[in-house]
Enquirer: 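Got a structure for you, written out below as structure tokens; questions coming shortly.
Hydrogens, waters and symmetry mates play no part in the numbers below; they use all other heavy atoms, side chains included. From a predicted model like this one, the values you see are computed outputs, not experimental measurements.
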Amino acid sequence: MAELLLLTPEPGTLATVLPALDFLPHHVNVLPLDPSVLVDAPAADAVLLDARRDLSGARATARLLHSTGLTAPLLLVVTEGGLTAINSEWGARDFLLANASPAEVEARIRLALSATPEVAEEADAEEISNGDLFIDPVAYTARLRRRHLDLTYKEFELLRYLAQHPGRVFTRTQLLQEVWGYDYYGGTRTIDVHVRRLRAKLGAEYEHLIGTVRNVGYRFTTQQDRRTPADSPQASVASVSER
């Protein structure tokens with residue numbers, strides 16, 4: 001029998017989130033969907049995160065959970081429609097479909113508890129650096145040389161995502177899906193606003209780190225990229241061909 005911790009934004013019985021657990025011998029503590037509850041939460045062998053309704057909020061919570069030093073495996077409770085939004089950046093060990101059978105849920109929990117963390121998870125926690133910019137994805141901090149950047153959560157996530165893929169061009173729609181989530185209903189204008197704010201906080205000396213590829217989108221520029229203006233036609237053709 002395992003000690004499980006279920007984080008969910010919806011009050012109610014366990015059966016409303018993952019009915020199969022009612023038929024399994026595990027002990028489950030149900031707590032609100034808030035990373036701060038882990039401070040006083042009972043010890044758990046695994047943490048289950050309810051991502052059935054709010055994928056964007058669940059993704060943000062998943063990353064915050066890891067920033068608090070979570071060592072127990074994280075499993076996402078999702079619907080079939082939510083599977084399209086899950087990727088390695090969530091930091092989850094596995095997922096559980098909300099309507100999965102008790103046998104399947106038991107098998108996935110057993111495998112998650114016995115598996116070792118993926119190497120990719122360790123790499124994702126490493127500091128990202130490019131020139132004078134340093135990003136710590138665990139502490140959620142970013143700095144230029146010795147100057148710390150005062151970023152909002154979404155500004156940090158946007159900068160981190162771009163910096164993790166230097167030189168690669170992303171359309172506004174791609175960035176909206178990857179950073180804000182598939183269930184975000186705002187327009188792509190949101191990306192332009194956040195890029196403008198990020199450039200302002202980077203300052204005139206470093207605003208070029210986020211390059212504009214005309215008629216396509218944005219990319220994080222490397223030292224080699226800076227030799228050619230990011231919004232020039234030549235850069236646009238070269239960037240598109242990399243995708």
Enquirer: Is there side-chain contact between L198 and I210, with heavy atoms separated by less than 4.5 Å?
Expert: yes
Enquirer: If you take all heavy atoms of A100 and A20, which pair is closest and at what distance?
Expert: O-CB, 3.4 Å
Enquirer: Please report whether the ring centroid of Y153 lies less than 6.0 Å from that of Y140.
Expert: yes
Enquirer: Answer yes or no: is there a donor N or O on one side and an acceptor on the other, between the side chain of R147 and the main chain of L202, under 3.5 Å?
Expert: yes
Enquirer: Between H26 (side chain only) and E3 (backbone N and O only), is there a donor and an acceptor less than 3.5 Å apart?
Expert: no
Enquirer: Which heavy atom of A58 sits nearest a heavy atom of L49, and at what distance?
Expert: O-CD2, 3.4 Å
Enquirer: Does a side-chain heavy-atom distance below 4.5 Å link T141 with F156?
Expert: no
Enquirer: Using atom types as modelled and distance alone, determine if a side-chain donor or acceptor of N130 lies under 3.5 Å from a backbone N or O of D132.
Expert: no
Enquirer: If I take atom CG from residue L21 and atom CD from residue E106, how far apart are they, to the nearest 0.5 angstrom?
Expert: 9.5 Å
Enquirer: Are L113 and P73 close enough that some pair of their side-chain heavy atoms sits under 4.5 Å apart?
Expert: yes
Enquirer: Counting C-beta onward and ignoring hydrogens, is there a side-chain heavy-atom pair between R52 and V17 closer than 4.5 Å?
Expert: yes
Enquirer: About how many Å separate CG of L76 and CG of D94, when rounded to the nearest 0.5 Å?
Expert: 8.5 Å
Enquirer: Please tell me whether T8 and R53 have a donor and an acceptor in their side chains that are separated by less than 3.5 angstrom.
Expert: no
Enquirer: Does any part of the side chain of I109, heavy atoms only, come nearer than 4.5 Å to the side chain of D45, both counted from C-beta?
Expert: no
Enquirer: Using every non-hydrogen atom in the two residues, find where I191 and R172 come nearest and quote the distance to one decimal.
Expert: CG1-O, 3.6 Å
Enquirer: Give a yes or no on whether the backbone of A60 and the side-chain of W90 come within a donor-acceptor separation of less than 3.5 Å.
Expert: no
Enquirer: Given side chains that start at C-beta, do those of I128 and F134 come closer than 4.5 Å, heavy atoms only?
Expert: no
Enquirer: State the CG-CD distance between L55 and Q177, to the nearest 0.5 angstrom.
Expert: 12.0 Å
Enquirer: Testing the basics here: between V78 and F95, what is the closest heavy-atom pair and its distance to 0.1 Å?
Expert: CG2-CD1, 4.2 Å
Enquirer: Give the intermediate values and the outcome of side-chain contact (heavy atoms from CB on, under 4.5 Å) for residues T212 and V195.
Expert: CA-CA 10 Å; T212 299; V195 166; 5.7 Å; no
Enquirer: Quick one: CG on L158 to OH on Y218, what's the gap to the nearest 0.5 Å?
Expert: 9.5 Å
Enquirer: Could you verify whether a donor N or O on one side chain and an acceptor N or O on the other, from E155 and H194, lie under 3.5 Å apart?
Expert: no
Enquirer: Determine, using ring centers only, whether H165 and F170 are less than 6.0 Å apart.
Expert: yes
Enquirer: With distance as the sole test, does T221 use its side chain to make a donor-acceptor pair with the main-chain N or O of H208 at under 3.5 Å?
Expert: yes
Enquirer: Quick one, R143 with H148, criterion side-chain contact (heavy atoms from CB on, under 4.5 Å). Give me CA distance, side-chain angles, the key distance, then yes/no.
Expert: CA-CA 4 Å; R143 70 183 191 279; H148 284 270; 4.1 Å; yes
Enquirer: Restricting to non-hydrogen atoms, name the atom on P137 and the atom on R160 that form the minimum distance, rounded to 0.1 Å.
Expert: CB-CD, 4.1 Å
Enquirer: Passes side-chain contact (heavy atoms from CB on, under 4.5 Å), L96 versus L48? Steps please.
Expert: CA-CA 9 Å; L96 300 166; L48 278 59; 4.0 Å; yes
Enquirer: Is it true that atom CG of N87 has more than 12 heavy atoms of other residues, nucleotides or ligands lying nearer than 6.0 Å?
Expert: yes
Enquirer: Residues in side-chain hydrogen bond (donor to acceptor under 3.5 Å, both in side chains) with K154, at least two apart?
Expert: none
Enquirer: Any chance you could lay out the side chain to side chain donor-acceptor pair (under 3.5 Å) test for Y206 and R145, step after step, and finish with the verdict?
Expert: CA-CA 11 Å; Y206 295 100; R145 295 182 181 175; 3.1 Å; yes
Enquirer: Look up atom CG in D136 and atom OG in S129, then write down how far apart they are to the nearest 0.5 Å.
Expert: 11.5 Å
Enquirer: Evaluate the side-chain proximity of R108 to L111: yes if any heavy-atom separation is below 4.5 Å, no if none is.
Expert: no
Enquirer: So, R93 side chain and L74 main chain: donor-acceptor pair closer than 3.5 Å or not?
Expert: no
Enquirer: To the nearest 0.5 Å, how far apart are CG in L6 and CG in L31?
Expert: 8.5 Å
Enquirer: Compare all side-chain heavy atoms of T79 with those of L97 and state whether any distance is below 4.5 angstrom.
Expert: no
Enquirer: Should L7 and D50 be marked as a side-chain contact (heavy atoms from CB on, under 4.5 Å) after you check the CA-CA gap, both sets of side-chain angles, and the distance that decides it?
Expert: CA-CA 6 Å; L7 302 181; D50 183 3; over 6 Å; no
Enquirer: With distance as the sole test, does Q174 use its side chain to make a donor-acceptor pair with the main-chain N or O of T171 at under 3.5 Å?
Expert: yes
Enquirer: Considering all heavy atoms of both residues, which atom of K201 and which atom of L151 are nearest to each other, and what is their separation?
Expert: CD-CD2, 3.7 Å
